[in-house]
Amino acid sequence: MSKSLQAIRGMNDILPEQTPLWRYFEGTVARLLDNYGYKQIRMPIVEFTELFKRSIGEVTDIVEKEMYTFEDRNGDSLTLRPEGTAACVRAVLEHGLTGAGQPQKLWYIGPMFRHERPQKGRYRQFHQIGLEVFNIDGPDIDAELIVLTWRLWGLLGIRDAVKLELNSLGTSESRGRYKVALVEYLSAHLDKLDEDSQRRLKTNPLRVLDTKNADTQAVLINAPKMADYLDDESRIHFEGLKARLEAAGIPFVINTKLVRGLDYYSKTVFEWVTDKLGAQGTVCAGGRYDGLVEQMGGKPTTGVGFAMGIERLILLLETLEQVPEEIARQVDVYLCAFGEAAELAALALSEKVRDQLPNLRLQVNAGAGSFKSQFKKADKSGALYALILGEDELAQQVIGFKPLRGQGEQQNIAFDALAAHLATCVVQG
Ligand code: ATP
Ligand code: MG
């Protein structure tokens, strides 16, 4: 195939055999978030470039080198969204959703775009489910975000494979004092820092803590710790969060090097990590961003949120073989009809059955075919039962009902009794 007809590197098709697992995952999350009182918001995929520069920060990896930015026909600079928080805050401000200090508990789902090096668990178009909460200040809501993800891991059967890492970045005042101390310490060891860290020391010193370079990591061992610079407000908040996680029985570890890639975090930051996916181990990450809304032109409004990477969680479900068997079966009943008259009767009958059983997954054979070929398709569809309508059955106004997976004998069912019969043998979702 010529190159122009291939998908863009790092941007994947999600094929029919994969979509049942995606829908199971997305459905599980959506139900859970409904139950916790979160409301869905849907934002555009493209925004003004300025939005991401202002919110994520000019000197972050995302803005410096990962964004898909282009000029549209008006000459405006637009960007495919690399994450959801910026657009969510923009929408909240634009529509006054947090006016007069009104709390909001929102969630979104959709594709995000970052020009990174594609590899397992890292793509250029990937999908996130994100939550953002506005105007709730206390550690109770930070805890709720973590508690509900813990419940999600339980529902998905992956609790044993994920670990919660937690840190506090303090208020901007305490973080400011910490930055001064960190820069002073690191500047005294400048020659031992890798090139990236030397650059970050000037632009975004906290990110040096995030380095993968072994020499820089060695320097960091004796570096000042954020925990020693937390002011009372941040400390009380952090203690409150930890107490709630302990009360809920959720294990966590404190990781003092956890700073997150975006500029806007304050106080709580957290990541759920797994060691089952190699280098791309963070499946869900977030934190508090009390200064962001104001920084984007709104009234002071506290915020806290997270985003989970759907591809990584799907990979984890597959790796751990936590894929429920029943999600693969997409057909309950397959109807075979032979000859024009039977096909006409089958169409009328199947529509009547659908009226009575709106959740029945009934596939009617299309494209005619011999008994053998239709029956093969019925079997391949994964259906539990085949319905068979030929000339003989039609003459008697009955339809053959044949279990395909060894559950009982074949029998004839009167047209009028078909829906009632199917209702007794097919569990309807
Ligand atoms: P990483 O450190 O892995 O690059 P990040 O800190 O850039 O992640 P966030 O911006 O916090 O990631 O996004 C939240 C989640 O979205 C991540 O924890 C991850 O699960 C997922 N994610 C981020 N970037 C990608 C990507 N390029 N491909 C697939 N999933 C991703
Ligand atoms: Mg990244």
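Order of listing sets the numbers, starting from 1, for every ligand and every atom in it. It should be emphasised that the depicted structure is a prediction, and the values quoted were computed from it without experimental measurement.
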| said: Closer than 4.0 Å to some heavy atom of T282 - which atoms of ligand 1 meet that? | reply: 17 (C), 18 (O), 19 (C), 20 (O)

| remark: Checking heavy-atom distances from atom 30 (N) of ligand 1 to each of Y123, F126, F306, the winner is F126

| ligand 1 to E271 polar contact by distance, N or O atoms, under 3.5 Å | no

| field | Sidechain N-carboxylate O distance under 4.0 Å for E165, K163 | value | yes

| task | Under the ring-ring contact (aromatic ring centres under 6.0 Å, His included) rule, collect the residues that match up with F401, sequence neighbours excluded. | result | Y385, H421

| said: Minimum distance, heavy atoms only, to atom 16 (O) of ligand 1: which one of H115, M308, Q128 is it? | reply: Q128

| field | salt_bridge(D355, K352) N-O dist < 4.0 Å | value | no

| Close N or O approach (E311, ligand 1; < 3.5 Å) | no

| Mode of V283 contact toward ligand 1 - side chain, backbone, both, neither (heavy atoms, under 4.0 Å) | backbone

| query | Considering all heavy atoms of both residues, which atom of Y229 and which atom of A181 are nearest to each other, and what is their separation? | reply | OH-CB, 3.2 Å

| request: For residues 84-111, pull every pair meeting salt bridge (charged side-chain N to carboxylate O under 4.0 Å, His left out), keeping only residues two or more places apart or in separate chains. | output: E47-R90, R90-E94, K105-E144

| message | For atom 10 (O) of ligand 1, which of the options M112, R122, R114 provides the nearest non-hydrogen atom? | response | R114

| task | May I ask whether E83 places a heavy atom under 4.0 Å from ligand 1? | result | no

| said: To check you understand the geometry: which heavy-atom pair defines the closest contact between L315 and K120, and what is its length? | reply: CD1-CG, 4.0 Å

| query | Below 4.0 Å from any atom of ligand 1, is there a heavy atom belonging to Q280? | reply | no

| said: With no hydrogens and no angle check, just 3.5 Å: does a side-chain donor-acceptor pair link Y289 and E132? | reply: yes

